[in-house]
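Everything numeric here is computed off the predicted structure, so don't read it as measured data. Note on naming: letters A, B, ... go to the chains in the order of the sequence lines (proteins, then strands), and numbering restarts at 1 for each one.
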There are 2 protein chains.
Amino acid sequence: MTTSDAAAGSALGAAAARLRVAVPSVADRVAAELRLQLAEGLLLPGARLTESTIAEDLGVSRNTVREAFAELAAERLVVRHPNRGVFVASLGPGDIRDVYTVRRAIEVSAIRGGGSAKRVAAVRAAVEEGKAAAAANDEEGLGNANQHFHRAIVALAGSRRLDTIMAQVLAEMRLFFHKATVDAHFYRGYLPDNEEICNALEAGDLDRAGELLLAYLDRSEERQAAVHGD
Amino acid sequence: MTTSDAAAGSALGAAAARLRVAVPSVADRVAAELRLQLAEGLLLPGARLTESTIAEDLGVSRNTVREAFAELAAERLVVRHPNRGVFVASLGPGDIRDVYTVRRAIEVSAIRGGGSAKRVAAVRAAVEEGKAAAAANDEEGLGNANQHFHRAIVALAGSRRLDTIMAQVLAEMRLFFHKATVDAHFYRGYLPDNEEICNALEAGDLDRAGELLLAYLDRSEERQAAVHGD
DNA sequence: ATCGTCGGATTGTTGAACAATCGGCCGAAG
DNA sequence: CTTCGGCCGATTGTTCAACAATCCGACGAT
């Protein structure tokens, strides 16, 4: 769990390492650790991250922590207030709408371009993963499956840059999902949508798939905006 | 405190300020200087950037240069090879296609969503800027106008994140444009396209505007792929 | 209660040091 | 003559200690 997450996280900023063994730098590992704590909800939005504290806790130099902060700041997971410190990013209503604007752009574009059979199969796999999680009442599994589903859609385009952008956006969203995930029916309601989208995709009806996905995102945005003060 | 007010200062994501006087950090200024040299073509793709050299040249600490590198690496303008150094990013054929995939996604999405009159006017302004530059035989002005045009299109969506992504993509493209810009007719041929797109946009025919823009991007991609060994 | 001032704490930046790693040079072996 | 292995210099990765600049909150004066 943690290792795969770390690998997925490093897919964000890390310089692609050809076929190199490449031990991640210490700064990268610090960033990974913080990313993990962020995703786990251990560090809540608005929380302050003090350089010296983290440096001491993780047994690294303050300078190294600083580099890790730069990495996280570039991913928008954290914001720097000059001379005041870095804080866990917190998204306001405007940010939520912003994030969904990005998702609409890249997800709809990706699905309307179709994709190889293998990539379509990955989308289907995410749908099945979701159904299995639902059957097992695995709340967290449902959320993960949903993210896999949308990442698989973007992956249809086969663009490394789009994949990166999507990963960042999803990481941002995880920041305030910890508040919304309490609703057990939250993701479950999206399952039929995902399946229908996947069906249209497999049938080659890309226009319809795009329409469905767009409607899905609009609804999801409204829902998120409702949960978080509009 | 939301991240909404984070900053639109420098074109790319410098952590600048609301109404703050805020002198940018030294690291930011170093990054800005390097960005400038990158855009000017003083630093060619593949060139190596040695920490100590730059630190000495700019009269700052090596550690500060390091932070600047992190910033540029996050923007993909530079790549880090662990234990070997940082190099000016160079885009291969695959990257070119990748970049255009991103542009198709966000530009077409933005234009199909329309935009306020003020934002449409900004698009028109960019078209006129291009015509003026063409009349003056201002080669560089033409290139700038073209970028303004596409940035204005993305700005239609009013999304800070999309604007940032677009700025990064354009910065990446400038990296290897220094090779392609030699062709005087390069941008000039696109002028009529831009105007037609703008006309459709002003007429409210968003579908048509989107189609035109998409065709434009496809053609541009093919052209770039042709110039750089496919 | 408001305002200015002071002090403590944290960040921004520097400089120096050291280990780890890389690339290339040179010499030895085949 | 080519190839392989190991050494050397150079550069990066990381740490540490220091200092100035800046901010926050508390204290005190008006």
Side-chain angles (χ1 to χ4, degrees), chain A residues 6 10 13-34 43 46-74 77-89, chain B residues 1 3 5-7 9-10 13-34 43 46-74 77-90:
Chain A
S10 77
R18 314 243 169 238
L19 277 82
R20 194 158 208 95
V21 206
V23 164
S25 109
V26 175
D28 286 333
R29 271 175 304 184
V30 170
E33 170 63 22
L34 292 178
L43 265 35
R48 178 175 186 173
L49 302 180
T50 308
E51 295 181 356
S52 45
T53 302
I54 293 180
E56 196 174 334
D57 284 0
L58 300 184
V60 299
S61 164
R62 194 162 73 92
N63 242 323
T64 302
V65 173
R66 202 155 236 281
E67 279 199 39
F69 280 171
E71 226 174 281
L72 297 178
L77 296 183
V78 116
V79 291
R80 281 192 111 123
H81 286 233
N83 287 316
R84 291 187 8 92
V86 315
F87 301 79
V88 179
Chain B
M1 185 153 314
T3 61
D5 48 13
S10 164
R18 0 174 182 225
L19 278 81
R20 193 158 205 95
V21 211
V23 169
S25 111
V26 175
D28 286 333
R29 270 175 302 183
V30 170
E33 170 64 22
L34 291 177
L43 265 35
R48 177 175 188 174
L49 302 180
T50 308
E51 295 181 355
S52 44
T53 303
I54 295 180
E56 196 174 335
D57 285 358
L58 301 185
V60 298
S61 166
R62 191 162 76 90
N63 244 321
T64 302
V65 173
R66 200 156 238 279
E67 278 200 41
F69 280 172
E71 223 174 285
L72 297 177
L77 296 182
V78 116
V79 290
R80 282 189 108 122
H81 286 235
N83 287 317
R84 293 186 10 92
V86 314
F87 301 80
V88 179
S90 66

From [options], pick the nucleotide closest to the side chain of [X]?
| X | options | result |
| --- | --- | --- |
| B:N63 | C:dT13, C:dA16, C:dT11 | C:dA16 |
| B:R84 | D:dT15, C:dT13, C:dC22 | C:dC22 |
| B:R66 | C:dT21, D:dT14, C:dT14 | D:dT14 |
| B:E51 | D:dT12, D:dT15, C:dG12 | D:dT12 |

In whole Å, I'd like the distance from the [atom1] atom of [X] to the [atom2] atom of [N].
| X | N | atom1 | atom2 | answer |
| --- | --- | --- | --- | --- |
| A:N83 | D:dT22 | CG | C1' | 5 Å |
| A:R48 | D:dC23 | CZ | P | 13 Å |
| B:E67 | C:dT14 | CD | C1' | 12 Å |
| B:L49 | D:dA10 | CG | P | 20 Å |
| B:L58 | C:dT14 | CG | C1' | 15 Å |
| B:H81 | C:dG23 | NE2 | P | 10 Å |

ask   = Taking atom CD1 of B:I54 and atom CG of B:L34, what is their separation to the nearest 0.5 Å?
value =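 Spacing of CD1 (B:I54) from CG (B:L34) equals 5.0 Å.
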ask   = If only atom types and distance count, is the side chain of B:T50 paired as donor or acceptor with the main-chain N or O of B:S52 below 3.5 Å?
value = no
message = Would the distance check show the side chain of B:R48 and the main-chain N or O of B:R84 forming a donor-acceptor pair, the cut-off being under 3.5 Å?
response = yes
message = Quick check on DNA chain D: between A:R62 and A:A27, whose nearest nucleotide comes earlier from the 5' end?
response = A:A27
inquiry  = For a quick test of reading the model, state the closest non-hydrogen atom pair linking A:F69 to A:L49 and the distance between them.
reply    = CZ-CB, 3.7 Å
ask   = Would you say D:dT14 has OP1 or OP2 under 4.0 Å from some side-chain N or O of A:S25?
value =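 Answer yes for this pair, as a side-chain N or O of A:S25 is under 4.0 Å from OP1 or OP2.
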